[in-house]
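Report on the structure given below.
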Amino acid sequence: MGLELVIFIAAILFGIFIYWRESNGNGVYRFLNKIVNSKELQMSADNPKGFVFKQAFLPRLIFVVSLVLIAALIVEFLTPISVFGSYNGISAFSSFAAGTLLGTYIANFVIKSSEVIEEKSDSLEDIVSDTIDKGKEFIEDLKTKDEPVEDIKEAPKTDEKNARERLKDKGLL
C-alpha cells in the first residue's frame, strides 16, 4: 500500500508536469497533427490545444492511458519487472494512470486561477483602497458622534385616562 501511494503521488506530479509543458508549447501535437491531417484539416497556428492541454475528458483519458500503457510495455519487455503479471503491477498501472489524469486537472485549476488573479489584481487593489477609505470615514463618524447628547425627558402626561377608565368608557368593563 505504501508503494502504491508513492506511485500515485509521483503520477500526480507527472500529470502536472505534462500539463505545464503543453501549456508553454505544443510542438509535438502540432507536428503529429501536420503528419496525420491534410492541409485543410490541420490546426491553425494560434491554436494552443495539445494532448492534454485544452482537451476534453475522453481525449485526455485516452492519451494518458495510452502513454502509461506504452511505458508499462517498455518496462515489461526491457526489465525483469513484470507489470502485467500480478495484481500489484496492474494496480500500480491503474494508480499511475489515475494519478496522471488527476494531476492534469490540478494543473489546469492552478493555471486558470493564476490567470484570473492576474486579471483581477488591479480591481482588487481598487476594492481594498476603497474599503480602507470607507473604514477611515466610518471611524471619523464615530469620533464625531461621541459628543455629549442632551437628554430629552418627556414630561409625564397626567390628563390622560388610564387603561381601566378607557375600558369602562367603551363599555367593556
Side-chain angles (χ1 to χ4, degrees), residues 1-140:
M1 183 67 183
L3 182 62
E4 191 170 313
L5 185 62
V6 170
I7 289 172
F8 186 72
I9 292 171
I12 290 174
L13 294 175
F14 180 68
I16 291 170
F17 175 73
I18 287 176
Y19 194 87
W20 175 73
R21 286 294 299 152
E22 280 201 350
S23 69
N24 291 334
N26 60 351
V28 177
Y29 188 76
R30 231 177 247 296
F31 178 71
L32 186 65
N33 188 357
K34 191 178 282 188
I35 290 174
V36 173
N37 294 327
S38 65
K39 189 72 172 172
E40 298 85 28
L41 297 176
Q42 289 179 7
M43 61 192 289
S44 63
D46 60 344
N47 191 353
K49 187 186 282 188
F51 290 108
V52 293
F53 185 69
K54 299 219 180 217
Q55 283 284 2
F57 175 72
L58 283 178
R60 192 180 290 195
L61 177 69
I62 290 170
F63 172 72
V64 167
V65 169
S66 61
L67 181 71
V68 173
L69 181 64
I70 290 170
L73 287 173
I74 290 171
V75 168
E76 178 84 24
F77 291 116
L78 294 181
T79 64
I81 301 171
S82 178
V83 176
F84 300 111
S86 67
Y87 170 76
N88 291 334
I90 294 173
S91 176
F93 168 78
S94 61
S95 178
F96 196 82
T100 304
L101 192 64
L102 181 66
T104 61
Y105 281 104
I106 290 172
N108 181 19
F109 174 72
V110 169
I111 289 174
K112 292 281 185 188
S113 63
S114 65
E115 289 174 0
V116 169
I117 289 172
E118 287 176 7
E119 280 181 16
K120 303 282 183 180
S121 65
D122 295 334
S123 63
L124 288 174
E125 291 172 3
D126 294 337
I127 290 170
V128 169
S129 65
D130 290 343
T131 305
I132 290 172
D133 292 339
K134 287 180 184 178
K136 288 179 181 177
E137 291 173 8
F138 182 70
I139 291 172
E140 290 298 322

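Because the structure is predicted, anything quoted here is derived from the model rather than measured. Worth knowing before you read on, the calculation uses all heavy atoms, side chains too, and leaves out hydrogens, waters and symmetry mates.
With sequence neighbours excluded, the residues forming a side-chain contact (heavy atoms from CB on, under 4.5 Å) with Ile132 are Val128, Lys136, listed by chain and number. Legend: residues meeting side-chain contact (heavy atoms from CB on, under 4.5 Å) with Phe138, ordered by chain and number and at least two apart, are Leu142. Under the ring-ring contact (aromatic ring centres under 6.0 Å, His included) criterion, Phe84 pairs with Phe93, not counting sequence neighbours. Scanning for side-chain contact (heavy atoms from CB on, under 4.5 Å) contacts around Lys112 gives Lys54, Asn108, Glu115, with sequence neighbours left out.
Note that OG1 of Thr104 is 14.0 Å distant from CZ of Phe17, once rounded to the nearest 0.5 Å. Summarising the geometry, atom CD1 belonging to Ile106 is positioned 5.0 Å from atom CD1 belonging to Ile16; distances are rounded to the nearest 0.5 Å.
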Side-chain donor-acceptor distances from residues 56-70 under 3.5 Å, at least two apart:
residue: Arg60; atom: NE; partner: Val52; partner atom: O; Å: 3.1
residue: Arg60; atom: NH2; partner: Val52; partner atom: O; Å: 2.9
residue: Arg60; atom: NH2; partner: Gln55; partner atom: O; Å: 3.4
residue: Ser66; atom: OG; partner: Ile62; partner atom: O; Å: 2.9
residue: Ser66; atom: OG; partner: Phe63; partner atom: O; Å: 2.9

Validation: residues 2-13 side-chain donor-acceptor distances under 3.5 Å, sequence neighbours left out:
residue: Glu4; atom: OE1; partner: Ser91; partner atom: OG; Å: 2.6
residue: Glu4; atom: OE2; partner: Ser91; partner atom: OG; Å: 3.3

